[in-house]
Amino acid sequence: MVENLVIVESPAKAKTIEKFLGKGYLVTSSFGHIRDLSKKDFGIDIANNYTPNYEISPDKKKVVTELKKIAKEAQMVWLASDEDREGEAIAWHLSEVLQLDLKKTKRIVFHEITKEAILHAIETPRQIDYNLVNAQQARRVLDRLVGFELSPVLWKKVKPSLSAGRVQSVAVRLLVEREREIMNFVPQSAFRVLSQFNKADTNPVDLKAELNTRFVTANEAESFLNHCKQAAFTVSDISKKPTKRTPAPPFTTSTLQQEASRKFGFSVSQTMTLAQHLYEAGKITYMRTDSVNLSDAAIESAATEITSEFGEKYLKTRRYKTKSKGAQEAHEAIRPTYMNKSTIPGNANEKKLYELIWKRTLASQMSDAELEKTTITIDIENSKHKFLAQGEMIKFDGFLKVYIESTDDEEEDGGKSLLPIINAGQKLGYQSISATQKFTLNPPRYTEASLVRKLEELGIGRPSTYAPTISTIQNRGYVIKEDRAGKERGYLQFTLKDNKITKADKTEVFGTEKSKLFPTDIGMVVNDYLLEHFPNILDFNFTADVEKQFDDIAEGDMVWHKMIDEFYHPFHNRIEGALEIVGRKSGERNIGNDPKTGKPVIVKIGRYGPMAQIGDNEDDEKPQYAALRRDQHIETITLEEALELFKLPRDLGLFETKKVVAAIGRFGPYVRHDNKFYSLKKGIDDPYTVELDRAIELIQEKRVSDENKNIAVFQGTDGDIQILNGRFGPYIVYNKQNYRIPKGKEVKELTLDDCLEIIKNSPEKPPRKKGK
DNA sequence: CAGTGAGCGAGCTTCCGCTTGACTT
């Protein structure tokens with residue numbers, strides 16, 4: 001029997017708090033929300049003031065039973081979930097489900113996990129704030145209504161199993177709109193002029209300078225270089241300007257995801273998994289937070305660390321205020337639990353992430369860096385243009401000693417080099433001057449992390465959902481994360497050297513993308529459909545607007561189901577209106593006519609994805625169909641590219657009296673013979689040109705490797721027990737299940753009894769989850 | 001587990017936010 005039961009949300013937190021409270025207190029956790037809306041009939045009684053119908057979540061049944069048992073015996077139950085909308089709702093659900101006696105229930109909150117904070121919370125309990133709970137119910141009901149009414153519209157109008165929601169649909173919209181901006185982007189070019197000067201008299205000095213204008217035409221660039229042949233160059237001004245740089249605030253979920261992505265290339269889910277490990281090991285504070293606040297204790301221990309490591313001069317205590325929209329600040333910023341540990345044991349990635357967090361936290365409490373920016377201006381005789389050389393010198397490193405924040409921008413070359421000592425009036429001579437054609441860059445594609453940053457900026461989504469949202473839009477096929485090769489383009493370069501101008505045609509590769517998010521055809525079609533019929537849900541301000549109303553509910557100034565009612569009626573009307581319109585949305589595009597038949601060539605989303613067809617469905621003759629390749633898109637494919645697709649499948653001829661055909665399938669190019677498939681070799685074979693001889697070679701190769709595949713066969717009660725040679729080594733197949741062979745067994749010597757033993761001892765496999 | 005693209009119908013999919021496992025062919 002326990003005197004006091006304290007319930008928090010996270011088990012790791014429970015463990016820590018129990019240490020602070022000591023005897024008489026049992027601290028346990030609810031593992032987040034314990035119940036949710038039923039999936040039947042929306043889980044909402046719409047006609048009856050939107051009364052929610054809650055069910056204990058299946059994976060929480062055990063926890064709830066356990067909590068019920070303890071709560072019954074406890075003299076006092078302390079509901080200590082987070083101090084935000086969701087936390088308050090968790091406290092309320094607990095009190096309802098556990099049927100807590102209000103006289104024996106107290107609600108407590110704390111923002112940091114320190115002994116003082118927790119003891120203080122125990123001394124100042126309150127009751128559940130029902131206004132805040134209602135704000136959460138409004139949030140939950142709204143999301144359910146939007147998600148569960150919108151998604152089925154997509155199943156009917158676009159494709160089954162699709163989804164839409166307040167958060168994911170806006171995320172996709174951002175990607176689609178950026179992609180179209182890039183498609184429509186027309187690069188402009190101009191000539192950038194760089195000069196490599198030598199000091200005119202004795203020692204040659206390395207001084208690079210850039211002209212303060214760029215020339216639009218090659219003629220202008222060339223004639224400027226001509227002018228430079230005879231011109232004198234004079235240093236006219238040297239200006240020095242002190243500047244400073246300030247450290248970035250401590251990490252939140254979103255900024256940690258961004259930095260881990262920029263510095264180490266981690267995906268957002270990878271970062272979160274690593275952070276979860278660090279949190280569970282007690283190395284860092286909670287990793288799902290929107291707060292930049294540090295506890296007094298943390299600031300103090302950071303100060304001690306800084307003073308002892310770098311000296312008083314490097315210390316500057318700073319308190320940060322969160323400014324992101326919709327922040328709820330139930331936690332601290334993400335920081336090391338112990339500031340005196342600059343590194344921890346663990347695997348390489350855990351170490352990297354921990355050290356990043358340690359450095360960022362420490363730097364946030366350090367002095368500004370003091371810099372001096374120098375600009376040297378060089379006049380050109382008889383010209384209004386000037387050359388500028390810029391340099392930056394660190395006078396005091398401050399926080400830069402431990403941490404420099406990265407940016408998303410590509411590295412700019414030059415500009416920040418160290419400058420030589422030089423005087424005004426100094427004459428300079430050039431070694432070479434070049435004018436290089438430079439193209440403007442298209443807006444950047446999003447990475448997972450930069451999309452999270454944008455969503456946070458718009459106040460859409462929460463720290464606990466950033467990573468899952470990014471996964472959802474990929475799982476639905478709206479978005480794909482991949483690398484894409486760049487394209488080549490030519491550019492001009494003029495170089496003036498030894499009084500001679502040379503012109504060069506050069507090529508560069510541009511637009512190379514690595515781990516970027518690309519919208520798919522489905523993503524674009526769904527986005528266009530939603531934008532056409534439900535512009536209010538897709539509005540970038542939709543979340544911010546409803547958040548304001550949730551705040552009013554939390555303040556007690558608005559009744560939650562009235563707010564929902566006002567939203568629901570016009571929304572539901574739009575749903576009905578959208579369903580009344582007949583036909584599907586397929587993103588259909590007519591890209592021209594087939595020169596052979598004169599029939600129209602159409603690209604659209606078919607039952608199995610993006611496809612091209614020659615001829616109308618109304619036509620007497622059946623249209624010809626072909627699936628688009630993975631790197632082709634409805635919006636950009638040309639007639640020529642589409643016609644190319646119809647050259648497959650290709651008839652290669654006969655082998656062993658059966659036809660051999662080459663084509664491209666879901667797993668890439670293949671040849672088919674006698675209903676069997678043989679993959680073409682990547683980078684060697686091309687389905688458009690492969691010949692019969694080569695196809696036969698591939699078939700025979702496969703036959704040989706298949707022969708080696710079978711090691712042994714035994715007769716089991718449920719059919720054959722096979723020992724096969726697979727991609728990962730030998731394994732056993734029996735009754736449609738695969739079994740791994742334990743180490744230390746000689747595969748060739750396995751007997752039937754050995755196999756049965758292995759099958760019996762291998763752990764029961766859980767049923768495969770549906771979907772991917 | 002690759003080829004298809006007509007049509008029917010049954011039964012399914014789906015949201016956002018709190019948490020952590022238990023998986024890793």
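The sequence lines fix the lettering, A, B, ..., with proteins before strands; numbering per chain opens at 1. Given the structure is predicted, the values throughout are model-derived calculations rather than measurements. Side chains are part of it too, since the values below use all heavy atoms of this structure and drop only hydrogens, waters and symmetry mates.
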Engineer: Could you give the CZ-to-C1' distance, from A:F646 to B:dG5, as a whole number of Å?
Structural biologist: 11 Å
Engineer: With a non-hydrogen cut-off below 4.0 angstrom, is A:Q136 in contact with a base, only sugar-phosphate, or nothing?
Structural biologist: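 Nothing: the residue A:Q136, judged by heavy atoms under 4.0 Å, touches no strand.
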Engineer: For A:Y279 versus A:A12, what's the shortest heavy-atom pair and its separation?
Structural biologist: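 In terms of heavy atoms, the two residues are closest at CE2-CB, 3.6 Å.
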Engineer: Go through B:dT19, B:dT20, B:dC16 for me and flag the one nearest to the A:R140 side chain.
Structural biologist: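 In terms of side-chain proximity for A:R140, the closest of B:dT19, B:dT20, B:dC16 is B:dC16.
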Engineer: Consider the side chain of A:S161, meaning its heavy atoms from C-beta on, and name the nucleotide among B:dT14, B:dC18, B:dT13 that approaches it most closely.
Structural biologist: B:dT13
Engineer: Closer than 4.0 Å, any side-chain N/O of A:Q168 to the OP1 or OP2 of B:dC16?
Structural biologist: yes
Engineer: So is A:R173 actually on top of A:F540's ring, under 6.0 Å and inside 45° of the axis?
Structural biologist: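 Yes.
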Engineer: Once you apply a heavy-atom cut-off of 4.0 Å, does A:G43 come out as touching a base, just sugar-phosphate, or nothing?
Structural biologist: nothing
Engineer: Just wondering, do A:W155 and B:dT13 stack (centres under 5.5 Å, planes under 30°)?
Structural biologist: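 Stack criterion met.
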Engineer: From the set B:dC15, B:dG3, B:dC18, return the single nucleotide nearest to any side-chain atom of A:R476.
Structural biologist: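 From the listed options, B:dC15 comes nearest.
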Engineer: For A:Y625 and B:dA6, is the shortest distance between a side-chain N/O and OP1 or OP2 below 4.0 Å?
Structural biologist: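 Looking at the OP1 and OP2 atoms of B:dA6, one of them is under 4.0 Å from a side-chain N or O of A:Y625.
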Engineer: Give one of base, sugar-phosphate or nothing for A:R85, where a contact means two heavy atoms less than 4.0 Å apart.
Structural biologist: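 The answer is nothing, as A:R85 stays clear of every strand by at least 4.0 Å.
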Engineer: Check the side chains of A:E9 and A:S29 for a donor-acceptor pair under 3.5 angstrom, ignoring hydrogens and angles.
Structural biologist: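 No donor-acceptor contact under 3.5 Å links the two side chains.
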Engineer: Heavy atoms only, 4.0 Å cut-off, all strands: where does A:V146 land among base, sugar-phosphate and nothing?
Structural biologist: nothing
Engineer: Toward the 5' end of DNA chain B, which comes first, A:S464 or A:T472, by nearest nucleotide?
Structural biologist: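 Its nearest nucleotide lies further toward 5', so the answer is A:T472.
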Engineer: Within the 3.5 Å criterion, strictly below it, is a donor on A:Y286 or A:R288 matched to an acceptor on the partner's side chain?
Structural biologist: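 Yes.
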Engineer: Strictly under 3.5 Å: I want the nitrogen or oxygen pairs between protein and nucleotides 7-9 of chain B, one per line.
Structural biologist:
none

Engineer: Taking atom P of B:dA2 as reference, at what distance in whole Å does atom OH of A:Y670 sit?
Structural biologist: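 That distance rounds to 10 Å.
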Engineer: Would you say the side-chain atoms of A:Q632 and A:E644 include a donor-acceptor pair closer than 3.5 Å?
Structural biologist: no
Engineer: Name the nucleic acid region contacted by A:E280, choosing base, sugar-phosphate or nothing; use a 4.0 angstrom heavy-atom cut-off, strictly under.
Structural biologist: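 Counting heavy atoms under 4.0 Å across all strands, the contact made by A:E280 is with sugar-phosphate only.
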Engineer: Classify the nucleic acid contact of A:T465 as base, sugar-phosphate or nothing, counting any heavy atom under 4.0 Å across all strands shown.
Structural biologist: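 Base contact.
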Engineer: Which is more 5' along DNA chain B, the nucleotide nearest A:A627 or the one nearest A:R462? Just name the residue.
Structural biologist: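 Final value for this comparison: A:A627.
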Engineer: Is there a donor N/O on one and an acceptor N/O on the other, under 3.5 Å, for the side chain of A:R139 and the base of B:dC16?
Structural biologist: yes
Engineer: Just by distance, no angles: are the side chains of A:Q137 and A:Y130 close enough, under 3.5 Å, to form a donor-acceptor pair?
Structural biologist: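 No, because no side-chain N or O of A:Q137 sits under 3.5 Å from a partner of the opposite role on A:Y130.
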Engineer: Counting the atoms with a prime plus P, OP1 and OP2 as sugar-phosphate, which does A:Y279 contact under 4.0 Å by heavy atoms, base, sugar-phosphate, or nothing?
Structural biologist: sugar-phosphate
Engineer: Taking the six-membered ring of A:Y478 as reference, does the cationic atom of A:R476 (NZ for Lys, CZ for Arg) lie under 6.0 Å from its centre and within 45° of its axis?
Structural biologist: no
Engineer: Students often get this wrong, so: under 4.0 angstrom with heavy atoms, is A:Y466 touching a base, only sugar-phosphate, or nothing?
Structural biologist: nothing
Engineer: What's the CD-P distance between A:E88 and B:dC18, to the nearest Å?
Structural biologist: 14 Å
Engineer: Any idea which of B:dT20, B:dC18, B:dA2 is nearest the A:F31 side chain?
Structural biologist: B:dT20
Engineer: Measure from CD1 on A:I7 to C1' on B:dT19 and round the result to the nearest Å.
Structural biologist: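 After rounding, the reported distance stands at 14 Å.
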Engineer: Counting any heavy atom closer than 4.0 Å, what does A:G87 reach on the DNA or RNA strands: base, sugar-phosphate only, or nothing?
Structural biologist: nothing
Engineer: Please report, rounded to the nearest Å, how far the P atom of B:dC16 is from the CD1 atom of A:I537.
Structural biologist: 11 Å
Engineer: Rounded to whole Å, how long is the line connecting atom CZ of A:F567 with atom P of B:dC15?
Structural biologist: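 Taking CZ of A:F567 and P of B:dC15, I get 16 Å after rounding.
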Engineer: Counting only distance, no hydrogens or angles, is the base of B:dC18 paired donor-acceptor with the side chain of A:R288 under 3.5 Å?
Structural biologist: no
Engineer: Using atom NZ of A:K13 as one end and atom C1' of B:dC18 as the other, report the distance to the nearest whole Å.
Structural biologist: 11 Å
Engineer: Check the distance between B:dT13's P and A:L150's CG and give it to me in whole angstrom.
Structural biologist: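 Rounding to the nearest Å, CG of A:L150 and P of B:dT13 are 18 Å apart.
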Engineer: When you get a sec, tell me which of B:dG17, B:dT20, B:dG5 is the closest nucleotide to the side chain of A:M611?
Structural biologist: B:dG5
Engineer: In sequence, state the C-alpha distance, the side-chain angles, and the governing distance for A:E448 and A:Q474, and then conclude on side chain to side chain donor-acceptor pair (under 3.5 Å).
Structural biologist: CA-CA 11 Å; A:E448 287 190 353; A:Q474 293 179 61; 3.2 Å; yes
Engineer: Using modelled atom types and a 3.5 Å cut-off, is there a donor and acceptor pairing between side-chain atoms of A:S81 and backbone atoms of A:G87?
Structural biologist: yes
Engineer: Once you apply a heavy-atom cut-off of 4.0 Å, does A:D82 come out as touching a base, just sugar-phosphate, or nothing?
Structural biologist: sugar-phosphate
Engineer: Please work out if A:S163 contacts a base, only the sugar-phosphate, or nothing of the nucleic acid, heavy-atom cut-off 4.0 Å.
Structural biologist: sugar-phosphate
Engineer: Does A:Q613 reach a base, just sugar-phosphate, or nothing at all? Heavy atoms under 4.0 Å.
Structural biologist: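 Since no nucleic acid heavy atom lies under 4.0 Å of A:Q613, the category is nothing.
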Engineer: Tell me what A:L37 touches on the nucleic acid: a base, only sugar-phosphate, or nothing, going by heavy atoms under 4.0 Å.
Structural biologist: nothing
Engineer: How would you label the contact of A:G32 with the nucleic acid (heavy atoms, under 4.0 Å): base, sugar-phosphate, or nothing?
Structural biologist: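 Result for A:G32 = base.
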Engineer: Is it the case that A:E149 and A:H572 place a side-chain donor and acceptor less than 3.5 Å from each other?
Structural biologist: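 There is such a pair between these side chains.
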